[in-house]
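These figures come from a predicted structure and were not determined experimentally. Counting convention: from 1, in listed order, for ligands and their atoms alike.
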Amino acid sequence: MDAIVTRGLTKYYGRTRGVEDVSLAVPRGCLFGFIGPNGAGKSTLIRALLGLIRPTAGQAEVLGMDVVRDREKILARVGYLPAEAAFWPGMRVREVLKLSAGLRKLDCRRQAEALCERLRLDPARRVDELSLGGRKKTSIVCALQHEPELLILDEPTGGLDPLMQREFFALLRERQAQGTTVFLSSHILPEVQHSCARAAVIRAGRIIAAGPVTELAGAGARRVVLRGRADIERLPGVRDLQTTPEGAGFLYSGDINPLLAALAAGDVKDLTMSEPDLEEVFLHWYEEGGAGI
Ligand code: ADP
């Protein structure tokens, strides 16, 4: 069974589009990345999954439960990290964590302590004196301390330094190995590419691509770098061409034979072809209206 399923999910805020006709499936036990630039609709979809806002149309199920009807039950079984956490001023980290566990009627002290130590978060600090990263860490512990079977994390890494980001993803992978499903939104492509098995790309409220990250990144295109000269400018599969006195770099898609013929007719001293990274493919989709796969 899938951990998250949406069918034609649509949310309008009055006349403002939040998300439109989103159909998505997140398999259980998966680390799933939800990618899109600011304003694309990531938080809207996430808030709808948690029953925090009501869909205008369509349906969504989380852990087999309907997001409108079973909202309380879903919240009890999910760990949620909001994009912008607001804490009660004057409270210490320890008190925030205790309050969060208390709302679930759970004692999570041992887990909380272990997570704080791992993320180097001092539980005695006052939350309003923390940096953005410190507040993010507090939210992470709130979301993880009760060891939920599903984590829904809205831009979890903002404010974390690179070392901490690495630690955080290591933590997520450990949870995943124990069977936890992780759904995380991000506008940072490489972190999704390196950490998630599957991903969906959202633009202007609509899903423009979804699938295994390797397929999204590959999507048939190749990054080509050549040293020397070849007459490739007019080949239909070439895009993002950059030339230097030494050679050229470009993305290539479609039938490979015209490219090979052009290279053979030229004077090529060296050549590399590789899979482009997700960022290149993703930016291309954004520019040209999104082919999907
Ligand atoms: P993301 O999380 O990808 O940055 P959001 O889901 O926050 O995107 O926003 C999607 C669209 O919905 C944006 O145009 C945003 O302005 C609009 N929006 C989000 N929340 C609200 C709200 N509470 N009221 C009105 N419009 C909103």
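- Between Glu20 and Arg206 there is a salt bridge, since a side-chain N of the basic residue sits under 4.0 Å from a carboxylate O of the acidic one.
- For atom 16 (O) of ligand 1, the nearest protein heavy atom (residue, atom name, distance) is Thr16 CG2, 4.6 Å.
- Residue contacts with ligand 1, taken as heavy atom pairs separated by less than 4.0 Å, do not involve Lys11 at all.
- The backbone N or O of Leu81 sits nowhere less than 3.5 Å from a side-chain atom of Asp154 that would complete a donor-acceptor pair.
- Looking at atom 7 (O) of ligand 1, its nearest protein heavy atom turns out to be Ser43 CB, 3.8 Å.
- Thr56 and Tyr13 form no side-chain donor-acceptor contact under 3.5 Å, judged by distance and modelled atom types alone.
- Each of the atoms 4 (O) of ligand 1 lies under 4.0 Å from some heavy atom of Asn38.
- Put simply, the side chain of Arg126 does not reach to within 4.5 Å of the side chain of Met91, judged on heavy atoms.
- Some N or O of Ala40 is nearer than 3.5 Å to an N or O of ligand 1, by distance alone.
- At the shortest separation from atom 8 (O) of ligand 1 among protein heavy atoms lies Gly41 N, 3.1 Å.
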Margin query: With side-chain contact (heavy atoms from CB on, under 4.5 Å) as the criterion, how do Leu115 and Gln145 come out once you've worked through the C-alpha distance, each side chain's angles and the decisive distance to 0.1 Å?
Written below: CA-CA 7 Å; Leu115 286 164; Gln145 63 175 352; 4.2 Å; yes

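- For the pair Phe34 and His187, the minimum side-chain heavy-atom distance is 4.5 Å or more.
- Considering only heavy atoms from C-beta on, Leu121 comes within 4.5 Å of Val93 through its side chain.
- At the top of the distance list for atom 13 (C) of ligand 1, counting protein heavy atoms only, stands Gly39 O, 3.8 Å.
- Side-chain contact annotation: Thr6 with Gln59, donor-acceptor N/O pair under 3.5 Å absent.
- In this comparison of Arg17, His187, Glu84, the heavy atom closest to atom 11 (C) of ligand 1 sits on Arg17.
- Note that atom 3 (O) of ligand 1 has protein non-hydrogen atoms nearby, at separations under 4.0 angstrom.
- For Pro37, the closest heavy-atom approach to ligand 1 falls below 4.0 Å.
- Counting atoms of ligand 1 from 1 in the listed order, those under 4.0 Å from a heavy atom of Lys42 are 1 (P), 2 (O), 3 (O), 4 (O), 6 (O), 8 (O).
- Taking each of Tyr13, Tyr12, Phe34 in turn, the one with a heavy atom nearest to atom 27 (C) of ligand 1 proves to be Tyr13.
- Between Lys136 and Glu155, no side-chain nitrogen of the basic residue sits less than 4.0 Å from a carboxylate oxygen of the acidic one, so the salt-bridge criterion is not met.
- What sits closest to atom 9 (O) of ligand 1 on the protein, heavy atoms only, is Thr44 OG1, 3.9 Å.
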